[in-house]
Amino acid sequence: MTRLRTALRHSGQNPRASLEREFRLRRAALADRLALESGEECDVAEAACTAYELVAFDLADGRFVLGPAWPGSSRWEESARPYVRQEYERWAELTDGGRDARLRDTGGS
């Protein structure tokens, strides 16, 4: 079990909700990366949409916010994509980039 999931379990948070949050975060981060690479208007719009969906999810249930700036911060008024980057960076630190820590500890891939 990843460190993040372990921390969520010990804090009494709903694991199903945390998995939904992880899905939304990873989806928004992927859309952001694709938009940065392509620069296409449709990719930029998709990145903005998934970023604001993550912000809305976190505003509704702020238990999962990992970074220093909350989703309701005025920092995200112009764009929520930096919020996605903030959250993904912290999530990756806590989960070893999404890998199960047990695999790393046993040398698995």
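Between Ala47 and Ala31 the shortest heavy-atom distance is CB-O, 3.5 Å. Pairing each heavy atom of Leu54 with each of Val84, the nearest pair is CD2-CG2, 4.0 Å. Residue Leu25 comes nearest to Tyr88 through the heavy atom pair CD1-N, 3.7 Å, listed as atom of the first residue, atom of the second, then distance. In plain terms, the two heavy atoms of Trp76 and Tyr52 that are nearest each other are O-OH, 3.4 Å.
Note on Trp70 and Trp91: same hydrophobic cluster, where clusters join Ile, Leu, Val, Met, Phe, Trp and Tyr whose side-chain heavy atoms are under 4.5 Å apart, directly or indirectly.
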Chi angles and distances behind the side chain to side chain contact (heavy atoms under 4.5 Å, CB included) call for Val65, Glu87: CA-CA 7 Å; Val65 176; Glu87 292 299 293; 3.9 Å; yes
Test side chain to side chain contact (heavy atoms under 4.5 Å, CB included) applied to Glu20 and Arg24, step by step: CA-CA 6 Å; Glu20 181 178 351; Arg24 289 174 181 271; 2.9 Å; yes
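Each of Arg85, Glu93, Gln86 was evaluated against Glu89; a single residue qualifies, Glu93, per the side chain to side chain contact (heavy atoms under 4.5 Å, CB included) test.
With sequence neighbours left out, the side chain to side chain contact (heavy atoms under 4.5 Å, CB included) criterion links Leu59 to Val55, Pro71.
For residues 70-83, the set of pairs meeting the salt bridge (Lys or Arg N to Asp or Glu O under 4.0 Å) definition, not counting sequence neighbours, comprises Asp32-Arg81. Counting only residues at least two apart or on different chains, the salt bridge (Lys or Arg N to Asp or Glu O under 4.0 Å) pairs with a member in residues 50-60 are Arg21-Asp58, Arg27-Glu53.
To the nearest 0.5 angstrom, Leu34 atom CG is 11.5 Å from Glu40 atom CD.
For the pair Glu22 and Arg26, the salt-bridge criterion is met [side-chain N within less than 4.0 Å of a carboxylate O]. Residues Glu37 and Arg33 are not paired through a salt bridge, judged by the lack of any N-O separation under 4.0 Å between the basic side chain and the carboxylate.
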